[in-house]
There are 2 protein chains.
Amino acid sequence: MDKERSAQAEVRDILRASKYKYTRQREKIMDVLLENIDEHLSADDVYNLVKDKAPDIGLSTVYRTLELFQDCNILHGIDFGDGCKRYELNHEIGEGHHHHHLICLVCGQIIEVKDDLLENLEKRIGAEYNFDICDHQLKFFGYCEKCAGQKSPV
Amino acid sequence: MDKERSAQAEVRDILRASKYKYTRQREKIMDVLLENIDEHLSADDVYNLVKDKAPDIGLSTVYRTLELFQDCNILHGIDFGDGCKRYELNHEIGEGHHHHHLICLVCGQIIEVKDDLLENLEKRIGAEYNFDICDHQLKFFGYCEKCAGQKSPV
DNA sequence: CTATGTGCAAATCCTTTGCAATCCA
DNA sequence: TGGATTGCAAAGGATTTGCACATAG
């Protein structure tokens, strides 16, 4: 895939720019992230997926790499309240798009909302609080179509 | 304090309405939450604060109570990425107000933004996705006034 | 060649759970 | 009274760390 190819090159350059090495493991982990760009993978998810490509990889390498990628602004972590951190590629990488999440309080389903109408709000608030905003995260909580009847957590 | 008094009564009624008991421990925990309404306390923070009022309380009671309060919509948990869940009273309880957070990527400082201009967006998205939205959470990431120079995490 | 990165196992941290004793309604 | 709640200690799960070895540049 061309898109993945260039995303890999981009990541390699980002890492090298910060004097980090572009290792086999980091490449494979990036592969997994790109192949599952619509998912919200946990470190363990990534570990299980990447083991097919690099059976000798260690779980701690996955943790360390995800943290490194986060520091390099390649991805960011989100908490959906299920007890582990999940990751999402930043929109500059791959075919990403800025989006938000609808989280169903009953079934836990997460629906992505393609929308980025917060730019004005972001500017206004940044100016008002003298805060240099570079990203935002918006979560909506409520009840999905299916669960709209039964309003109590499982 | 009158405000705290009535907030306590409100909580007591909410609990009783769901057939939960209004115990001494739950009352003391609520005290702590009301006295620190501007903070984002973790379970451990609450535990340490409440030990002054009820030295015999157990950490698991704190965890269980915070979870119960969350189920009852008295408070909700937020993740600021520091490895533990933090809690915030809902705006219906106490003197709360709907607000968002500015999180500094360098010093980790959290600034509250009093603002609720998302109602229209909420309505629009709810309608578009047929999702019954009852709450939202918005976080802005960036650099605070002090840290604006040094753009790299500590 | 040498600093960086890795795998493994052990350690750590936060949170949950089992159970007997206790307490509220 | 009787079911809900609690405290304690132990278990659980996610993440981090120490260290000897491997590897990218």
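Just so it is clear, the model here is predicted, and its values are computed rather than measured. All chains are named by letter (A, B, ...) in the order of the sequence lines, taking the proteins before the strands, and each is independently numbered beginning at 1. As a basis for the values below, the full set of heavy atoms in this structure was taken, side chains included, without hydrogen atoms, waters or symmetry mates.
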| field | DNA chain C: 5'-proximal contact among B/E67 and B/Y20 (nearest heavy atom) | value |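 Residue closer to the 5' terminus by nearest nucleotide: B/E67.
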
| note | Result for 5'-nearest mapping on DNA chain C, choosing between B/T23 and B/A43, is B/A43

Between [N] atom [atom2] and [X] atom [atom1], what is the distance in whole Å?
| X | N | atom1 | atom2 | value |
| --- | --- | --- | --- | --- |
| A/R86 | D/dA14 | CZ | C1' | 12 Å |
| B/D44 | C/dC13 | CG | P | 11 Å |
| B/D45 | C/dC14 | CG | P | 10 Å |
| B/Y47 | C/dT16 | OH | P | 16 Å |
| A/E27 | D/dG25 | CD | C1' | 16 Å |
| B/K19 | D/dT5 | NZ | C1' | 17 Å |
| A/Y22 | C/dT6 | OH | C1' | 17 Å |
| B/D82 | C/dT12 | CG | P | 20 Å |

Options [options], nucleotide nearest the side-chain atoms of [X]:
| X | options | answer |
| --- | --- | --- |
| A/R64 | D/dC8, C/dG5, C/dG7 | C/dG7 |
| A/Y63 | C/dC14, D/dA14, C/dT6 | D/dA14 |
| B/Q25 | C/dT15, D/dG2, D/dG7 | D/dG7 |
| B/K21 | C/dC23, D/dT6, D/dG25 | C/dC23 |
| A/S60 | C/dC8, C/dG5, D/dG7 | C/dC8 |

| task | Would you confirm whether B/K53, through its side chain, and B/V32, through its main-chain N or O, come within 3.5 Å as a donor-acceptor pair? | result |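 Checked: no pair found.
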
| Do A/I57 and A/K28 come within less than 4.5 Å of each other through their side chains, counting heavy atoms only? |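 Side-chain contact under 4.5 Å: no.
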
| request: For residues B/I74 and B/E10, determine if any side-chain heavy atom of one lies less than 4.5 Å from a side-chain heavy atom of the other. | output: no

Heavy atoms only, 4.0 Å cut-off, all strands: where does [X] land among base, sugar-phosphate and nothing?
| X | value |
| --- | --- |
| A/R24 | nothing |
| A/D56 | sugar-phosphate |
| A/K85 | sugar-phosphate |
| B/R26 | sugar-phosphate |

| Toward the 5' end of DNA chain D, which comes first, B/L68 or A/R16, by nearest nucleotide? |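 Result: B/L68.
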
| query | Relative to each other, are the rings of B/F140 and A/H136 parallel, tilted or perpendicular (30° and 60° limits)? | reply |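 Judged by the thresholds at 30° and 60°, the geometry between B/F140 and A/H136 is perpendicular.
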
| task | Run the ring-centre check on B/H101 versus B/H40 and record whether the distance is less than 6.0 Å. | result | yes

